[in-house]
Amino acid sequence: MKFTGNTIFITGGGSGIGKALAEALHQRGNKVIISGRRKANLAETVEANPGMDSIELDIADPASVQRVSAELISRYPRLNVLINNAGIMQVDDVAGAVDDGLISSTIATNLMGPIRLTGTLVEHLKKQESAAVLNVSSVLGFVPMAMAAVYSSTKAALHSYSQSLRFKLRNTSVRVLEVIPPWVRTELLNSSEEFRAMPLDEFLQETMDALATDADEIMVARAKFLRDQAGPHESAFVNTFNERFEVQPPESESVRETISGR
């Protein structure tokens, strides 16, 4: 995708990967609008990046999605890039009954939200000379983590949705990209200080480099290893991947190599 002259809306732009992408794209001469539910995070990010705007959005609320979409189209008629980044990850145990609130909130935020938001903006995006939808999924959509089964399932579904959307929009001006992060040092599952996760600045640099290519799937090197496990023999790898979390201590080198994609 082109890196300058865009008008970009990013969900979950007040922290983590969303904030990093927002600041990087803002610095490259784009008009960036961030959204989220935490007003303080949005205000802090906008204050640190003069010229950036923010809109409060609850991506899990259909009414909020409709309101924000209408406001975006009205205030930013040149809007041409949507980045569906907002997401939540919670530990669960599908060997028993999973809390219904966890199920509902995770699916509503990670899957229904991006589908709804894209649906409300896609006709506007089609009118732009050059446009893009970027869906942020996860390597766990390809190799599920059993201790976060619902989260992993939503990311697998988001990958499927991205493929369908790409096909349906193939003859329009709208490109559909999928950003597939590995484990990154963010607030997700309190991973900001997690030594096994990829440093956010390294992830950002590799991701921006990948965005400058013609690839539809945007991956850093660490993500490719897990992305490539999908296929007819994936079950054996998924079992091994999850068994290492159960029988080996977190500081184990083999666990670190597996979840880092090395």
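- Salt-bridge check for R227 with E217: passed, with a basic side-chain N closer than 4.0 Å to an acidic carboxylate O.
- Taken together through direct or relayed side-chain contacts under 4.5 Å among Ile, Leu, Val, Met, Phe, Trp and Tyr, L42 and L72 form parts of separate hydrophobic clusters.
- Scored by the side chain to side chain contact (heavy atoms under 4.5 Å, CB included) test, I115 finds L111, Y161 as partners (sequence neighbours excluded).
- For A131, the side chain to side chain contact (heavy atoms under 4.5 Å, CB included) test picks out N80, L125, Q128, V174, with sequence neighbours left out.
- A single hydrophobic cluster is not seen to contain both M89 and I103; linkage of ILVMFWY side chains at heavy-atom distances under 4.5 Å, directly or through other members, places them apart.
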Practice item. Take I33 and I8 through the side-chain contact (heavy atoms from CB on, under 4.5 Å) test and state the conclusion after the steps. Key: CA-CA 6 Å; I33 308 101; I8 303 171; over 6 Å; no
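- In this structure the side chain of F241 never reaches within 4.5 angstrom of the side chain of P144, judged on heavy atoms.
- G13 approaches T45 most closely through the heavy-atom pair O-CG2, 4.1 Å.
- Contact check for N6 versus T4: no side-chain heavy atoms found under the 4.5 Å cut-off.
- Nearest heavy atom pair, residue A86 against residue I59, reads CB-CG2, 4.3 Å.
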Practice item. Walk me through it: do F142 and F225 pass the test ring pair (Phe, Tyr, Trp, His ring centres under 6.0 Å)? Key: CA-CA 10 Å; F142 303 91; F225 173 73; over 10 Å; no
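- Nearest heavy-atom pair across L57 and S35 is CD2-OG, 3.6 Å.
- Side-chain atoms of S162 and N135 form a donor-acceptor pair, as typed in the model, at a separation below 3.5 Å.
- Pairs of residues two or more places apart, or lying in two chains, that qualify as salt bridge (charged side-chain N to carboxylate O under 4.0 Å, His left out) and include a residue from residues 65-76 are R67-E71, E71-R75.
- A donor and an acceptor atom, one from each side chain of Q205 and D201, are nowhere located under 3.5 Å apart.
- N85 places no side-chain N or O within donor-acceptor distance of the main-chain N or O of I10, the cut-off being under 3.5 Å.
- A distance-only check finds no donor-acceptor pair linking the side chain of S104 to the backbone of G101 [under 3.5 Å].
- Legend: residues meeting salt bridge (charged side-chain N to carboxylate O under 4.0 Å, His left out) with D53, ordered by chain and number and at least two apart, are K31.
- Between N49 and the choices Q27, E23, E44, the side chain to side chain donor-acceptor pair (under 3.5 Å) rule is met once, by E23.
- To the nearest 0.5 Å, the span separating CE on M145 from CG on L226 amounts to 9.5 Å.
- Distance check, rounded to the nearest 0.5 Å: NE2 of H26 to CD1 of I34 gives 10.0 Å.
- Under 3.5 Å, the side chains of D58 and S64 contain no donor-acceptor pair of N or O atoms.
- When the side chains of ILVMFWY residues are joined at heavy-atom separations under 4.5 Å, either directly or via intervening members, L102 and L140 end up in two distinct hydrophobic clusters.
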Exercise for review: Give the C-alpha distance, both sets of side-chain angles, the deciding distance and a yes or no for side-chain contact (heavy atoms from CB on, under 4.5 Å) between F167 and V176.
Suggested key: CA-CA 9 Å; F167 175 79; V176 177; over 6 Å; no
Practice item. With side-chain contact (heavy atoms from CB on, under 4.5 Å) as the test, would you mind laying out the steps for E234 and V143 before giving the verdict? Key: CA-CA 8 Å; E234 63 186 27; V143 180; over 6 Å; no
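- Within a 6.0 Å radius of NZ in K2, more than 12 heavy atoms belonging to other residues, nucleotides or ligands are found.
- Considering only heavy atoms from C-beta on, Q229 stays 4.5 Å or farther from V238 through its side chain.
- In the displayed structure, R37 atom CZ is contacted under 6.0 Å by at most 12 heavy atoms of other residues, nucleotides or ligands.
- Judged purely by atom type and a 3.5 angstrom limit, T154 uses its side chain to pair as donor or acceptor with the backbone of Y151.
- Without hydrogens or angle criteria, K155 side chain to V136 main chain gives a donor-acceptor distance under 3.5 Å.
- One finds the CG atom of L79 at 12.0 Å from the OG atom of S74 (value rounded to the nearest 0.5 Å).
- Under the 3.5 Å distance criterion, with hydrogens and angles disregarded, no donor-acceptor pair is assigned to the side chains of N30 and T7.
- By the side chain to side chain contact (heavy atoms under 4.5 Å, CB included) test, R116 pairs with P62, V65, M112, sequence neighbours left out.
- For the atom pair L134 CG and T11 OG1, the distance stands at 11.0 Å (nearest 0.5 Å).
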Review point. Can you list the steps and then say if F9 with I83 is a side-chain contact (heavy atoms from CB on, under 4.5 Å)?
Key: CA-CA 6 Å; F9 180 60; I83 302 180; over 6 Å; no
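- Two different hydrophobic clusters hold M208 and V133 under the rule that ILVMFWY side chains link at heavy-atom gaps under 4.5 Å.
- Each salt bridge (charged side-chain N to carboxylate O under 4.0 Å, His left out) pair with one or both residues in residues 167-182, not counting sequence neighbours, appears once here: R175-D216.
- Counting all heavy atoms, side chain and backbone alike, A146 lies closest to D92 at O-OD1, 3.7 Å.
- Hydrophobic clustering, with ILVMFWY side chains joined whenever heavy atoms are under 4.5 angstrom apart, keeps L158 apart from V184.
- Taking 4.5 Å as the limit, some side-chain heavy atom of S15 sits within range of a side-chain heavy atom of R38.
- Remark: side-chain polar atoms of E206 are not paired, donor with acceptor, to backbone N or O of M219 under 3.5 angstrom.
- Separating the CG atom in L165 from the OG atom in S160 is a distance of 11.0 Å, to the nearest 0.5 Å.
- For the residue pair I73 and T120, the shortest heavy atom distance occurs at CD1-O, 4.2 Å.
- Of all heavy-atom pairs between I88 and Q90, the closest is CD1-NE2, 3.8 Å.
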